[in-house]
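Written below as structure tokens is the structure these notes are about.
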Amino acid sequence: MLIPHDTRIALDTVVDLVNTAPESGADDGLAELTALYTFAERHDISGVGTLGDKDLRAVQDVRDRFAEIFAAPDARTAADLVNSLVAAAGTTPQLTDHDGYDWHVHYFAPDASIADHLAADCGMALAFIVVAGEQERLRRCEAPDCRDAFVDLSRNRSRRYCSSRTCGNRLHVAAYRARRREATR
């Protein structure tokens with residue numbers, strides 16, 4: 001699946017945003033404004049300006065709506081959720097070539113709030129996944145103690161874990177040890 005650079009960045013951003021949600025007893029990764037500023041800086045979100053509690057709550061709401069898209073049982077449901085999210089953001093597509101990147105499209109208005117910026121850009125990235133008939137690539141980690149979101153960009157759509165280095169490796173080692181214990185009995 002060929003994914004343009006800006007869409008890949010938006011997909012990485014939406015995955016990271018969804019994974020800040022307090023799931024499985026974990027703390028909320030966006031519980032305070034400093035965390036939101038850090039998130040915006042980590043993802044090079046332009047035009048952030050001064051943020052307040054209203055922005056934090058709006059981004060948390062957008063995060064919850066993205067989580068619904070990852071949980072959507074089918075493409076029709078995902079499409080309806082994406083359409084609603086992107087429409088609420090008031091998208092304004094614009095061609096831009098900033099920061100050393102070639103021409104690409106921003107879907108948010110230049111003065112958009114950070115929540116609308118995320119909803120528009122990340123929502124459109126998810127829209128492209130649905131349009132390509134690839135909604136099943138929006139997944140949650142299959143490790144029993146992890147529910148992190150990820151986009152499966154493997155050629156054969158076979159990725160099962162958010163990270164093969166952590167969750168995948170940990171489960172493979174546990175299975176190996178269980179087989180070894182069973183063999184020595």
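Position 1 is the first residue of the sequence, and the numbers go up from there. This is a predicted model, so every value here is computed, not measured.
With sequence neighbours excluded, the residues satisfying side chain to side chain contact (heavy atoms under 4.5 Å, CB included) with Asp97 are Trp103. Judged as a side chain to side chain contact (heavy atoms under 4.5 Å, CB included), and not counting sequence neighbours, the contacts of Arg157 are Glu134, Glu136, Arg137, Arg139, Asp152. Remark: Ala71 engages no residue in a side chain to side chain contact (heavy atoms under 4.5 Å, CB included) (not counting sequence neighbours). Listed by chain and residue number, Asn156 satisfy the side-chain hydrogen bond (donor to acceptor under 3.5 Å, both in side chains) test with Ser158 (two or more places apart in sequence, or in another chain). Here Thr20 pairs with Arg63 under the side-chain hydrogen bond (donor to acceptor under 3.5 Å, both in side chains) rule; sequence neighbours left out. Take Glu32 and apply the side-chain hydrogen bond (donor to acceptor under 3.5 Å, both in side chains) test, not counting sequence neighbours, and it matches Thr34. In terms of the side chain to side chain contact (heavy atoms under 4.5 Å, CB included) criterion, Asp44 has no residue partners (sequence neighbours excluded). Every residue two or more places apart in sequence or in another chain was checked for a ring pair (Phe, Tyr, Trp, His ring centres under 6.0 Å) with Tyr107, and none qualifies.
Evaluation of the salt bridge (Lys or Arg N to Asp or Glu O under 4.0 Å) test over residues 102-126, restricted to residues two or more places apart or in two chains, returns none.
Between Cys162 and Asp148 the shortest heavy-atom distance is CB-CB, 3.9 Å. When every heavy atom of Ala40 is checked against every heavy atom of Val48, the shortest pair comes out as CB-CG2, 3.8 Å. Between Arg147 and Cys141 the shortest heavy-atom distance is NH1-O, 3.1 Å.
A distance of 4.0 Å separates CG in Leu51 from OH in Tyr37, rounded to the nearest 0.5 Å. Once rounded to the nearest 0.5 Å, the distance linking CD1 of Ile129 with CG of Leu138 reads 6.0 Å. To the nearest 0.5 Å, atom CZ of residue Arg160 and atom SG of residue Cys167 are 11.5 Å apart. Atom CG of Leu30 is separated from atom CG of Asp27 by 12.0 Å, given to the nearest 0.5 angstrom.
Under the 3.5 Å distance criterion, the side-chain polar atoms of Asp55 are matched with a main-chain donor or acceptor of Gly52.
Proximity of Phe70 to Val151: side-chain heavy atoms (C-beta onward) are separated by under 4.5 Å at one or more points. Between Leu36 and Gln60, the closest side-chain pair of non-hydrogen atoms is not below 4.5 Å.
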Please set out all donor-acceptor pairs under 3.5 angstrom arising from side-chain atoms of residues 6-19, sequence neighbours excluded.
unit_1 : atom_1 : unit_2 : atom_2 : d
Arg8   : NE     : Asp12  : OD1    : 3.2
Thr13  : OG1    : Ile9   : O      : 2.9
Thr13  : OG1    : His43  : ND1    : 3.3
Asp16  : OD2    : Arg42  : NE     : 3.1
Asp16  : OD2    : Arg42  : NH2    : 3.0
Asp16  : OD2    : His43  : NE2    : 2.5
Asn19  : OD1    : Ala149 : N      : 2.6
Asn19  : ND2    : Val15  : O      : 3.2
Asn19  : ND2    : Ala149 : O      : 3.0

Quiz: residues 75-89 side-chain donor-acceptor pairs under 3.5 angstrom, not counting sequence neighbours:
unit_1 : atom_1 : unit_2 : atom_2 : d
Thr77  : OG1    : Asp74  : OD1    : 2.8
Asn83  : ND2    : Ala79  : O      : 3.3
Ser84  : OG     : Arg65  : NH2    : 2.7

*Please lay out, stage by stage, how Ile45 and Phe39 fare under the test side chain to side chain contact (heavy atoms under 4.5 Å, CB included).*
CA-CA 9 Å; Ile45 299 172; Phe39 180 88; 4.0 Å; yes

*Worked check of side chain to side chain contact (heavy atoms under 4.5 Å, CB included) between Leu126 and Phe66*: CA-CA 9 Å; Leu126 293 176; Phe66 280 135; 3.5 Å; yes

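Clustering ILVMFWY residues whenever any of their side-chain heavy atoms sit less than 4.5 angstrom apart, transitively, puts Leu95 in a cluster other than the one holding Phe108. Cluster membership check: Leu33 shares its hydrophobic cluster with Ile114, using side-chain heavy-atom separations under 4.5 Å among Ile, Leu, Val, Met, Phe, Trp and Tyr. When hydrophobic clusters are built by joining Ile, Leu, Val, Met, Phe, Trp and Tyr residues whose side-chain heavy atoms come closer than 4.5 Å, directly or via intermediates, Val105 is not grouped with Val131. Linking Ile, Leu, Val, Met, Phe, Trp and Tyr residues whenever their side-chain heavy atoms come within less than 4.5 Å leaves Phe150 and Leu118 in two separate clusters.
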